[in-house]
Amino acid sequence: MRINVLLFAAARDAVDSDEVEVEVADNATAADVLAAVGELSPAMQALVPYCRLAIDSRYADASASVVGAKELALIPPVSGG
Amino acid sequence: MRINVLLFAAARDAVDSDEVEVEVADNATAADVLAAVGELSPAMQALVPYCRLAIDSRYADASASVVGAKELALIPPVSGG
Amino acid sequence: MQSATWLVQLVDEPINMAGLLSQIDNPDVGAHAWFIGVTRRRTAGEITQTLFYDAHRSMAQAELERLASAASSRFGLRHLVIVHRLGEVPIGQASVVVGCSSPHRAAAIDALPWIMDELKKNVPIWKREHFVDGKTEWVHPK
Amino acid sequence: MQSATWLVQLVDEPINMAGLLSQIDNPDVGAHAWFIGVTRRRTAGEITQTLFYDAHRSMAQAELERLASAASSRFGLRHLVIVHRLGEVPIGQASVVVGCSSPHRAAAIDALPWIMDELKKNVPIWKREHFVDGKTEWVHPK
């Protein structure tokens, strides 16, 4: 299946877009989505190991299924405050 | 010599006055003044062990001389904040 | 266990700190504590011109709500306010305000660094530093 | 070592907290922290009607100045404000406000409890509690 992933901060800059579409297996997990996003560019490949995936605005474990998710977001290391 | 000592809080209530006069030796120390104040009443005697003497708005050691002091104050346990 | 209330906001304008003060009033608290994070001119020898904050807004709001709930339970807070500003935050202005109240002093004061540590770990907000030499960079947490 | 400034006040009216906020502004600080001690209705099961604070004013001012100087050095504070109210302080109102600013977060937050502990040990101010049952008593420190 093809799914959209929201991008923020350095990840957005890496591909100059606030959203990307990636192809993953129909029973894909968060880890599968992170791997697919990493394939997009060398810069993204370097960044993804430091990122977490959020499913519907909650951090997801690597093994969490993304099937049925309304929103996926790649969350680079945060720096609020 | 006769000297005045300012009183506050429970010490003031103990003798119903904001100042007392006591008689001490001409070379009196802070400890001598505290002892003399303690003689004023049983309530004061009970309170003085918990008090500090301030000479000219600074806490004084027991052995500090009160000769030449402009102001002496009996400082019961404080409870600001 | 007394009930707690909290207020969590993401704002795009200067934070009105004076207007927040009474949000944590309560006759049964003895202590209010506030932390305000402000944009600083100097960072590790470099001169900052300004900062920008970006966020995943809906998720940041949700994470801050979870954090407010967790902090209120953990420290027994009566009221808690967390406001984070997004967009540009010029030097000397507040990017984040945390305020809380509790019956005794230690809980309110101890809650502040814990909340800030959690916020800096988990809330999807990102800071971009603009230096006077023209360089810009996303800030990496230590 | 950067120079520090502090403001110490004993006041007989409600403390204007909003008016104090900007006293600790500085382009080279990244953190402001405030503690506000307020009169609480309930103390160890008893209901407080109101509190009164008495002081040896000139000595309290001098002790607070010494405390402000010591805290500024110890924590590397850039600015520090300590205001204590005297006379009656009704429930929900502030008896004491401490605010400070520093380049980094830990110093400003850590300074608050240290300053409050020192204030409660050494500054000649006394609290008299008035309970709703008519009893009044000078508060004894633990």
Side-chain angles (χ1 to χ4, degrees), chain C residues 2 15-22 24-44 47-51 78-79 89-117 119-120 127 142, chain D residues 2 15-22 24-44 47-51 78-79 89-117 119-120 127 142:
Chain C
Q2 301 279 345
I15 299 174
N16 175 13
M17 176 69 200
L20 294 173
L21 291 171
S22 67
I24 59 174
D25 281 351
N26 187 299
D28 290 325
V29 305
H32 294 198
W34 292 92
F35 173 76
I36 304 147
V38 305
T39 300
R40 195 178 57 228
R41 185 166 51 185
R42 236 170 274 270
T43 292
I47 307 294
T48 297
Q49 177 153 318
T50 194
L51 290 184
R78 197 56 61 89
H79 301 292
V89 181
I91 288 168
Q93 296 192 20
S95 54
V96 64
V97 171
V98 178
C100 58
S101 59
S102 59
H104 297 281
R105 173 160 59 100
I109 295 178
D110 291 350
L112 296 179
W114 188 85
I115 290 168
M116 288 303 301
D117 284 344
L119 185 155
K120 285 168 176 284
K127 173 159 52 182
K142 282 181 291 288
Chain D
Q2 301 280 342
I15 299 174
N16 175 13
M17 176 69 198
L20 295 173
L21 291 170
S22 66
I24 60 173
D25 282 350
N26 188 299
D28 289 326
V29 305
H32 293 198
W34 292 91
F35 172 77
I36 304 147
V38 304
T39 300
R40 195 178 59 228
R41 185 167 50 185
R42 236 170 273 272
T43 292
I47 306 296
T48 297
Q49 177 155 317
T50 194
L51 289 183
R78 197 57 61 89
H79 300 293
V89 182
I91 287 169
Q93 295 191 20
S95 53
V96 63
V97 171
V98 178
C100 58
S101 59
S102 59
H104 298 282
R105 173 159 58 99
I109 294 178
D110 290 349
L112 297 180
W114 188 84
I115 290 168
M116 288 303 301
D117 284 344
L119 185 154
K120 286 169 177 284
K127 174 158 51 182
K142 283 180 292 289

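Numbered from 1 within each chain, the chains take letters A, B, ... in sequence-line order.
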Task: Pick from A31(D), G92(D), S95(D), S101(D) with the largest number of heavy-atom pairs that fall under 4.5 Å of chain C - done: A31(D)

- [ ] Give me the contact list for residues 104-113 of chain C versus chain D, heavy atoms only, anything under 4.5 Å, ordered by residue number.
- [x] H104(C), R105(C), I109(C), L112(C), P113(C)

Open item on the list: Below 4.5 Å, heavy-atom pairs only: which of V29(D), T39(D), D25(D), N26(D) has the largest tally toward chain C?
Closed with: V29(D)

Task: Spacing of L21(C) atom CG and L20(D) atom CG [to the nearest 0.5 Å] - done: 10.0 Å

Open item on the list: Test of understanding: with side-chain contact (heavy atoms from CB on, under 4.5 Å), list the residues that count as partners of Q93(C), not counting sequence neighbours.
Closed with: P14(C), R85(C), V89(C), P90(C)

Open item on the list: Closer than 3.5 angstrom, by distance alone: can the side chain of R41(C) be matched with the main-chain N or O of P27(D) as a donor-acceptor pair?
Closed with: no

Task: From S102(D) atom OG to R40(C) atom CZ, the distance as rounded to the nearest 0.5 Å - done: 9.0 Å

Open item on the list: If I compare all heavy atoms of D28(C) with all of R42(D), which pair ends up nearest, and what's the gap?
Closed with: OD1-NE, 3.7 Å

Task: Per-residue contact mode, N16(C) against chain D (heavy atom under 4.5 angstrom) - done: neither

